[in-house]
Each structure stands twice: as structure tokens, then as C-alpha cells.
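Below, all heavy atoms of this structure are taken into account, side chains as well, without hydrogens, waters or symmetry copies. The residues of the chain are indexed from 1 along the displayed sequence. Just so we're clear, the structure is a prediction, and the values are computed from it rather than from any experiment. We count ligands from 1, going down the list as the structure has it; atoms in each ligand are counted the same way.
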Amino acid sequence: MRHLLSPLDFSVSELDKLLDLARDIERHPEKYAKKCEGKKIATLFYEPSTRTRLSFEAAMLNLGGSVLGFSSADSSSAAKGESVSDTIRMISCYADICAMRHPKEGAPLVASEKSRIPVINAGDGGHQHPTQTLTDLMTIRSLKGRLNNLTIGLCGDLKFGRTVHSLINALVRYTGIRFVLISPKELRIPDYIKETVLEEKGIRFRETDSLEDAMGELDLLYMTRVQRERFFNEEEYIRLKDSYILDKQKMKLAKEDMLVLHPLPRVNEIATEVDDDPRAVYFKQVQYGVYVRMALILTLLEIA
Ligand code: NCD
């Protein structure tokens, strides 16, 4: 039995297969409409979510399966003090697969050790968010036509942003990848990622605090929200929350075929005036997220 806890749990060739399957689902959804009949997914969300939880649920429903779960820690037995290990043992009796989001780094890993069903990490604290990464890879591959030879700007909260951490881990396995890490100095990428993922693997990157300076060289700009819930200090959040606002003016500095991605939710780091720009693909990204989660469910349940 396999779980998905980190984007590295799949090799590059397994990922390619998964993305091919997602593309086939996009083209021929009717072929897959009954593949999961009689199967259930449990969505165990101890932290708020709109997209991720609903996209898992939509994915399972599109496959003909059904869904159960909870969407906040307060409405589950966690509020009574039940451990993740006990919860997962019980869920294993109710469902065939589960997706778990938790504020504590490593909670899905702990769950997987006691689980009798595949566990998908749907975001653990500031650590990883592998299914967002699958979504991002599908978006890039579909709209850029490749996952190599790209200069990628990652902008915003690079310290706490788990989507960024997972995406870097996944992309360094392709060739010709260069990163421009755009953040205020307080929200720079953690040293453990810089040292063990970027420097050790000889990946080209530079750090800057200026979005304007970086714009012209980027093939992709991955914008992120300042992660308010992970700050220890509200004043610091207020000081940093508007560090970057992508607007029409800044888009003029970008290449004509640069794509703007965002895992969403957006607060105000992308002005709504950018939404109509054909290079803004964050709402398309949401749609790819459903196909890729359908492909993931089929893969982990070993349904051909
Ligand atoms: C992200 C997350 O939860 O990490 N959202 C998502 O799943 N699409 C990004 C965020 O909350 O800023």
C-alpha cells in the first residue's frame, strides 16, 4: 500500500505516468465516471480549506465514488483529545482512502504508520503540500508544454508557504530549472531547503526582495499569500502582508508568455485587474487540480 506524503514519494517517471493519466481524464472524463463505484474517500481536515477539500471530494464524485469526512478540528473528536493515530485506525474501517490536512508538520506521516488505507497529505503545517504540487506540475506541463528549462519566480511567503516548499522539491528533479526567490528578508526560504535541496543539488537560484527586478526574466511567476496563521506575532504579519502586489503595471514588465500561478486563496497579492490577463492561469490551475487528484486516487487505489 502506498501513501502520498511528499512529492518525492513518486519518481519522475511515475509522476509522468500520473500526469499522463490526468491528461487522459481531462480529455475523456466519461471513461472514468464509474471507476470508483463503491469506494469512499474520507477527508480529514483539521485546518481550513476550500479548494483542496472540495477538489478531493469532486474528484471522488467524478469517479463515481462517495465521500465522508470533517472540515474542522472542532467538529471532530480531536476536540476531545483523540490522537491522529487513533482517528486513522477508525477511519480505516469506514473508507478506502483518505486525505488529511493538519496544522502540525508530520501528522499525515504519523497517521500513515497506523493506517490500513492510503493516506494523502493535503497540507501539513508549513511543511509540504504534495497534491498542490501535482496540480502545479500539471498546469505548467499543460500550458508551457514542458517541465524543464524554466526560470521560475517564487514570490511572497517563502518561509511558511508549504506549497512553495513542495514545488521546489519536485522541480529540482528536472533539468535546466532556475529559481528567483522573491521575498522580504523575514520570509526567505528556510535554510534547510536552501542548503539540502538547492545548494547540494547545484540548482541555480538567486534571492531578491524586488519583484519588479525579477519580472522580465521569468517564464513562470508563482505568487503566494502571506501565511497569517503561521505568524507568532500579528504586528509582523501586518507589516509584511502587503509586501508584494502584482498589478497590471508590473505585468507590463513580464514576458508575453510568462504564466502567473497561485495556489489560492488570494488575499490581495494579485490585484483583481490581473485576472483578465491571458497569462493569469490561477483559476485554470484549480481545474487541473481536480483531474490530477482523480489520477492520484486511481493510482493509489491501484485501479487501472
Ligand atoms: C494553500 C495551502 O493550504 O497551503 N492553499 C491550497 O491548498 N490551495 C496555500 C495557502 O493557503 O496560502
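With His129 contributing its side chain and Ser6 its backbone, the two residues share no donor-acceptor pair below 3.5 Å.
Residue nearest to atom 7 (O) of ligand 1, selected from His129, Gln132, Arg51: His129 (by heavy-atom distance). Between the choices Glu269, Gln128, Glu229, Arg225, the shortest heavy-atom distance to atom 11 (O) of ligand 1 belongs to Arg225.
The shortest heavy-atom distance from Arg101 to ligand 1 is under 4.0 Å. Residue contact annotation: Pro265 has a non-hydrogen atom under 4.0 Å from ligand 1.
Between Arg230 and Glu47 there is a salt bridge, with a side-chain nitrogen of the basic residue lying less than 4.0 Å from a carboxylate oxygen of the acidic one.
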Show me, pair by pair, the donor-acceptor contacts under 3.5 angstrom made by side chains of residues 35-45, not counting sequence neighbours?
{"from": "Lys35", "atom 1": "NZ", "to": "Ala304", "atom 2": "O", "distance (Å)": "3.1"}
{"from": "Lys40", "atom 1": "NZ", "to": "Tyr94", "atom 2": "O", "distance (Å)": "3.4"}
{"from": "Thr43", "atom 1": "OG1", "to": "Glu57", "atom 2": "OE2", "distance (Å)": "2.9"}

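Under a cut-off of 6.0 angstrom, the local environment of CD in Glu256 is sparse, with at most 12 non-hydrogen atoms contributed by other residues, nucleotides or ligands.
For Tyr222, the side chain to side chain donor-acceptor pair (under 3.5 Å) partners at least two apart in sequence or on another chain are Asp136.
Here the heavy atom of the protein found nearest to atom 4 (O) of ligand 1 is Arg162 NE, 2.8 Å.
When heavy-atom distances to ligand 1 are checked against a 4.0 Å cut-off, Leu264 comes that close only through its backbone atoms N, CA, C and O.
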